[in-house]
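Proteins get letters first, then strands, A, B, ... in listed order; numbering begins at 1 in each. Just so you know, these numbers come straight off a predicted model, no measurement behind them.
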Amino acid sequence: MTDLAARLDARFRDSDAVQVATLVMAALVVTLGFAWPTPGQGANESWYPFAQARSVILALLALGYGASAAVEPPRRAVVTGIMVLVVALVAIPFDVAAYAASYPATPLWWSLVSIPLAATGYLVAGVALGRLARALRLGVMLPILVPATLAGLLFADLQLGWTVFNPLTSALNVSPWFLVSMSTLSLVGVVAAVIAWRGSVPLEVRP
Amino acid sequence: MSGTAAQRWRIARLVAVIGVVALVGAASAQAGGASRSASLELGFGGAVVADAWNPFRLVLRDVGPVTFELAIDRGTLRDGERWSVYRAELPGGSGLSVVEDEVFVPVWRSLSWTVRSGGLTIASGSVARTQADRRPLDVIVGEPGPVVRGGVIGGRSVDLAADRLPLRSAAYDGVGRVIVATPSARPQALLAAAVAGAEVVLTPAAVANAELSALVPAGGERVVGAGRLVSLDAWRPSPDTAARVDQAALLSAFAAAERIALPRPAPVLPLLVAAAGYALAVLLVLRFAGVPGVTAALVLALGASLAVWAPLRPERPTLDASRDLVIGAEGIGQRWRVHERVTLPAQTLVLDVAGWPLSNVEARLGPASVTVDLPRWRHLTVVERPRTAALPLLQQADGAWRNQGAVPLTVVAIRGGEHVDDVPADALVMPPSRDPRPLPSIALALLELVPEGAAVASDGAQWFVALPSAVLAEVAP
């Protein structure tokens, strides 16, 4: 546990973590500002564009970090996953603000559940993508493969008319298939993380 | 062939022919019975007035429970089909069952009806689009003679038996005149017609009935509700019904004034400042506070979520308001109840009233229900079927207005005169002793549409348009 705390502390001090968290927060604040209605407008529709933007941003973030975590030491990869999850969770108040004012028919629990679930689900998908890319010696293509994979999943869902991986449609409506797919990926990720954590070496205690 | 055999052959042929004739007769009788097991009369004698409440009379003969459905498409070429379906489950039963009700009929592109029983359609019909006519109807009861008939030429008229006059005022929404030339008409029906705004003309044949003659003074007229009762001697035929106040225009103005305001969005600048402050705080604790910082950031996220919920969340998902407008004179009028709903989330809205949505939306209607699927943040205004109601404001013989009700009136405004605040119950409307409060927008909207000398008043819960007797008499040429 001490090792986890130490690694987490170190991970959040990494420059990439701070930069990414700042970027995500800034993107969400700007999205909220653009989506928010002016006083003259009748309906408050801010939650719809905000939820979709939030969903895509976090999916991209999770997929990208997952792909990069595939080559990291196991314990660092686990801590990176926790970092992504924390960034996703601290974005919830923006979502709640837009939801409260918009009064959509979609239940709030779906918004609250789908955010962390999608983050962990796409993270695991990203790890799988990273390992596959490296196995195929396409690791250098990862910066392109990550958004391409997200676009491909989105396109496949749209073509097939369902919502299993699509972050755009899953953000707005309750989708049991999305819940199943992301829960399964998250469960696989948690089990893999526990196994990886136990099977790896703790931080060296320096004198 | 022997003679006996030929005779047998002829008898057999005769029996066969009789059998065939009997079968055909039985089949046709059955078919005829099926077509006669249900019949519908929409409007007065089949004449429908568009954009008005119309009576219908459904007659069922020896059929079990039936489903009556009236489907109206009031769409446009631009918007496509917009169906409103009136559906009623009726018990039927052995013998004759008669169901009478009123239904609002807009200007239609398609209007058809069916009566179904046990999965089978036992009767159906339609009304051609070319018959969608907004002009008020003149109902002639009895035979008033060529002179009187000539007086209503130019309008739409229909002959009707006296016992077919409905007793509910809503049925006369689209009626301009009722000309009564028979003593057998029911006075309640004539009063209902007058309250609804129709001009009821009683010929000498009608006033032979003491009950009917008591309705109007000899050779005179009597203002009742939004219409009037007049004897033939005092009646001046006109090509149209100029004496009516335009209730549809009053209702539209009433429904449009002081609508429910949508919740105002919070100003964006303070929201962005708060959001940026939260983001900065979270980033700082994550960066500098280590693991306790992660816990602090999550606690901060929870606190911020709870803090923004209450101020930004509208109180209720559906905002509703209902208000009444009573239009009439002489202490009685036609009450129009307007229900306004605003839904924030998309939802199916069910109102337990017999009514009609003012906006062009698809609706499922019943004898006492209106169901509409509404998108997000949308207004819906439903006008309930009109009914007779008391009118507290009465114009006296000297022209002064009196609040004869048991409730004080908060405002009384006279078209062409002044307006007064706070008129006590059972008291005269006196000239104001001080500067009155500004008139509410509803009063201003109604005053634009009422005739000169008419009064617009409110008791806080209802609005009243009281028509002066003199004005109605003057308008009629």
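In this structure, chain A has a heavy atom under 4.5 Å from the side chain of B:Leu262, while its backbone stays farther away. With a 4.5 Å cut-off on non-hydrogen atoms, B:Ala261 does not touch chain A at all. Interface remark: B:Arg264 contributes side-chain atoms only to the contact with chain A (heavy atom separation under 4.5 Å). Of the atoms belonging to B:Val294, it is side-chain heavy atoms, and not backbone ones, that fall under 4.5 Å from chain A.
Note: B:Leu312 leads B:Val308, B:Leu272, B:Leu312, B:Thr343 in heavy-atom pairs under 4.5 Å with chain A. Annotation: maximal heavy-atom pairing with chain A below 4.5 Å, among B:Leu286, B:Leu300, B:Val282, occurs at B:Leu286. The candidate from A:Ile82, A:Leu28, A:Val18, A:Asp14 with the greatest count of non-hydrogen atom pairs under 4.5 Å with chain B is A:Val18. In terms of heavy-atom pairs under 4.5 Å with chain A, the best-connected choice from B:Arg378, B:Arg316, B:Gln347 is B:Arg316. Note: A:Thr22 leads A:Thr22, A:Leu8, A:Asp95 in heavy-atom pairs under 4.5 Å with chain B. Contacts with chain B were tallied for A:Ala91, A:Ser46, A:Ala21, A:Ala100; A:Ala100 has the most, counting heavy-atom pairs under 4.5 Å.
Within a 6.0 Å sphere centred on CH2 of B:Trp83, heavy atoms belonging to other residues, nucleotides or ligands number more than 12. Counted within 6.0 Å of CZ on A:Arg131, heavy atoms from surrounding residues, nucleotides or ligands total 12 or fewer; the atom is thus considered open. Applying the 6.0 Å contact sphere to CZ of B:Arg82 captures more than 12 heavy atoms from other residues, nucleotides or ligands. Annotation for B:Glu258: atom CD counts as buried by contact number, over 12 foreign heavy atoms lying within 6.0 Å.
The minimum heavy-atom distance between B:Ala301 and A:Pro93, with the atom names listed, is O-CG, 3.3 Å. Across all non-hydrogen atoms, the minimal contact from B:Pro265 to A:Asn44 is CB-ND2, 4.2 Å. Heavy-atom minimum distance, A:Val29 versus B:Ala279: CG2-CB, 4.5 Å.
The aromatic rings of A:Phe94 and B:Tyr278 stand perpendicular to each other, their planes meeting at an angle above 60°, with 30° marking the opposite boundary.
How far CZ of B:Arg376 is from OH of A:Tyr48: 3.5 Å, rounded to the nearest 0.5 Å. To the nearest 0.5 angstrom, B:Trp377 atom CH2 is 10.5 Å from A:Tyr103 atom OH.
A donor-acceptor contact shorter than 3.5 Å links the side chain of A:Trp36 to the backbone of B:Ala266.
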